[in-house]
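What follows is a single structure, written as structure tokens, with notes after it.
We name chains A, B, ... by the order of the sequence lines, and we start the count at 1 in each one. Bear in mind the structure is a predicted one, so any value in this text is a computation, not a measurement.
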Number of protein chains: 2
Amino acid sequence: FSFQLWCVLVLFLSWSEVHNFQFEELAQYIDSHQEQYVETLREWIAIESDSSDVQRRADVQRMMSVTAEKLRKMQGNVEMVDIGLQQLPDGTTIPLPKVVTAQVGSDPSKLTVCVYGHVDVQPAKKEDGWATDPYNLTDIKGNLYGRGASDNKAPVLAWLHTVEAYQSLSIDLPVNVKFIIEGMEETGSNGLDAMVEAHNETFFSDVDYIIISDCGWLSRRPALTYGTRGNCYFFAEVVGPNKDLHSGVFGGTVIEPMTDLIGILGTFHSNICLYIHFSGSPEPALVSTEEREPPVVSHHEGVLARRWRHPTVSIHGIEGAFSASGSKTVIPAKVTGKFSIRQVPNMDPKEVEKQVCSHLEDVFAKRGSPNKLKVSMVIGAKPWLADIQHPLYEAGKAAVQKVFKVEPDMIREGGTIPVARTFQDVTGKSIIMLPIGGFDDGLHSQNEKISRYNYIEGTKLFAAFLHEVSQIKRD
Amino acid sequence: FSFQLWCVLVLFLSWSEVHNFQFEELAQYIDSHQEQYVETLREWIAIESDSSDVQRRADVQRMMSVTAEKLRKMQGNVEMVDIGLQQLPDGTTIPLPKVVTAQVGSDPSKLTVCVYGHVDVQPAKKEDGWATDPYNLTDIKGNLYGRGASDNKAPVLAWLHTVEAYQSLSIDLPVNVKFIIEGMEETGSNGLDAMVEAHNETFFSDVDYIIISDCGWLSRRPALTYGTRGNCYFFAEVVGPNKDLHSGVFGGTVIEPMTDLIGILGTFHSNICLYIHFSGSPEPALVSTEEREPPVVSHHEGVLARRWRHPTVSIHGIEGAFSASGSKTVIPAKVTGKFSIRQVPNMDPKEVEKQVCSHLEDVFAKRGSPNKLKVSMVIGAKPWLADIQHPLYEAGKAAVQKVFKVEPDMIREGGTIPVARTFQDVTGKSIIMLPIGGFDDGLHSQNEKISRYNYIEGTKLFAAFLHEVSQIKRD
């Protein structure tokens, strides 16, 4: 009996030692390749892969090719998947950037993870208020400034470097790793949903878990993300006269579409009111124990609850009205109010749409206006919520513990990552969001950056996570 | 006694015949010079004197020189008055277009009229939806299409041609005629108020009446204009976060400036409400007998009352919010609502300003918002109202009767012509608005035009008016 115990102990220690040894080896390898990783990021940042600007479409396609090429060097089984055409507002079409898929390893005895990422970026110009050229990666005190640095080029590279590190050290990859990298994320992942559906029975069939690293920490402490809010984006169009009118000549003789629009949008008194009006039966507003405030950040509990668990309405602006500087005396003939509701679990977009339309039509009808109102929901992205008891999150916690020696913050995003919900609904796979971006990286803003610390330690986190996830017992 | 009566009769008939003869001669001269008048208008329209575009400032200056040159050929005592510099938003300055003043005749035994007009234009591009090149006068079925045709180049030319016709026929001008022609009317008559004040004791000292022909008829029937509404233009600025925020990440954690702005502007429920709230003691809303509906137009009495006699509020738009097409998820940090109140006589702009500010600050305070509200009145132009019993209007009626054989519509403008009130307040002179533009000329809009009929018969109207006004007994 004592011999058996001894054997178990020896086996455990040796396994544990091997594992520790491997991680240290990987971590050292990653540390020693830091400059090379930064250089590769510099090359990627230099490609202005702005997916919102059709003039830059060739750059986005080039970015996809560069990504594919790097995966090919890793003996990935790479495909560039044609996802069709993009319809432009003028009716013409241009090809969508191809989606890059790849597979490294296909051992049926191992679990298979699929890493999602994107290599397109938001627009950026020096004149917008950048301190540096946004397409020339600039290292200032260990922060790497450049458009797309944190969103999402460095995290994608960190995943590729992770697999490379295993390969270079001839350490057997603990799981098969698939990649799905797109180039239209910043403009709504045009074409991706259909691609995921079309490849559900093929590419996704042997995938066990999906990993998304397209978000950031809440504080200086690493985080695991287990939920996002949804996004129901509405246009409320009020149409009156058949053309814009001079407000001197016609003011007082027509019921103005702007007055109607502002009158009805003015009934969104506050977010509290929204909560009462629109949220059928949202989650309880109280923050649960697991997501209690991380002590290192200055937010108070209520702020996080409002960001993660409460629905909210934002009025973004009005199309068709006078929006320049100066003082134009116009009665706009047709105005479109843009607003969105970030809804939370248990709020179905279809139900939100019904309630919003009915509310606005109701208050509009009460005005007795001769103008025409048309309310439409142009985006109806569902919220996403993961089960934090799932072994994936245990694996995430263990990996964070391994690299950072702390418990991660368990957080949600106030924003929406629609592809998470698509993966969940279409493939039925479990998903984890494993961010490595800093809380102050300035995504979509001027002076976007990722720190060397987050980039390099994040790569180690991914290396550790691959081992931890391999330990999950298949369902 | 019968001899005396006979003498009076003969004198009356011969005076009357001479007058009739002169008018017919003038009318024939004007008719026979129609093509020449159209050609001159073509030359004027070809000059893109858009005062709102600083790149076109040289064209505006050229337009002023062309105007001055034409007046010099009429032996007008012409001056080009320097009115200083225009401050641009970037802090630099450019010279304002010179104001052209002129005097034809200086007989102290005659009355002196001063004709005001402007030769700058609103912007226009073919792409805006013009059927023709806006700077190439195009005759389609007797309508002369071109930017500035009706507003205000043809009316200014009609005045110059009137004086020319008298001169060419060697008919003694019945009054001394002064001109004040500016080049900044379309952008707010920058510099004109100060110029009028500076020249009040000189140029304006011997002026008896001021004539403005910068408006249009209400119908196919000629009109005399005796009032305009004022214009109190407001900016309501709400400032919140120190930069624009992502509505996903921050929605629900900040009180959004847009929600506040729309909430307070939404209290302008309707024009009726405005009337109750803001109009201290405006004129009675009922339309008086004199301005009863002209039978030829389809408006009903209430529409004209609402256009001329009632104050109104128009919300023009919001600066700083999202105004493009598409669906941006932004929380604008600083938004400025633009609205204007067309006020009527007995509504003092200062009082309107006080009431509007106090109303908005009041409803804003009730919201308990942490954001900052700043309301400012950026234009405070007073309404203008003439005494339609004044002999000037009798002269106008007689001239219309002479040329068109009908009674004129007695109308007001819903819009504002601030210079009218300036002339009234600074010089103390009586003013008449004597329009020759058609009701459908499309001022400020695409396909602006003046008809040959209005242009040529309008010139005759001015010729007849100069005689009629000369018959007024000096006060």
Checklist entry - Pick from B:Gly326, B:Gly263, B:Pro257: which one has the most heavy-atom pairs with chain A under 4.5 Å? => result B:Gly326
Checklist entry - By a 4.5 Å heavy-atom criterion (distance strictly below it), what part of B:Thr336 contacts chain A: side chain, backbone, both, or neither? => result neither
Checklist entry - What option among B:Ile264, B:Asp244, B:Ile318 has the most heavy-atom pairs under 4.5 Å with chain A? => result B:Ile318
Checklist entry - Do B:Ser323 and A:Ser323 meet the criterion of a side-chain donor-acceptor pair at a distance under 3.5 Å? => result yes
Checklist entry - With chain A, which of B:Ala324, B:Ser369, B:Ser340 has the greatest number of heavy-atom pairs at distances under 4.5 Å? => result B:Ala324
Item to check | Minimal non-hydrogen separation, A:Ile331 against B:Ser314, with atom names | outcome: CG1-OG, 4.0 Å
Next on the checklist: Which heavy atom of A:Arg342 sits nearest to which heavy atom of B:His246, and what is that distance?
Outcome noted: NH2-CE1, 3.9 Å
Checklist entry - Which bit of B:Phe339 comes within less than 4.5 Å of chain A, counting heavy atoms only: side chain, backbone, both or neither? => result neither
Next on the checklist: At a 4.5 Å cut-off on heavy atoms, which part of B:Ser327 comes close to chain A: side chain, backbone, both, or neither?
Outcome noted: both
Checklist entry - How far apart are the closest heavy atoms of B:Thr259 and A:Ile315, and which atoms are they? => result CA-CD1, 4.5 Å
Checklist entry - Measuring heavy-atom distances to chain A, does B:Ile379 have an atom under 4.5 Å in its side chain, in its backbone, in both, or in neither? => result side chain
Checklist entry - Can you tell me if A:His316 uses its side chain to pair, donor with acceptor, with the backbone of B:Thr329 under 3.5 Å? => result no
Item to check | Non-hydrogen atoms of B:Lys328 and A:Tyr233 that approach each other most closely | outcome: O-OH, 2.7 Å
Checklist entry - Do you know which two heavy atoms are closest between B:Arg229 and A:Gly251, and how far apart they sit? => result NH2-O, 2.7 Å
Next on the checklist: Given 3.5 Å as the limit, does a donor-acceptor pair link the side chain of A:Arg307 with the main chain of B:Val249, or not?
Outcome noted: yes
Checklist outcome for this item: Checked A:Gly320, A:Pro332, A:Ser325, A:Gly188 vs chain B; the most non-hydrogen pairs under 4.5 Å come from A:Ser325
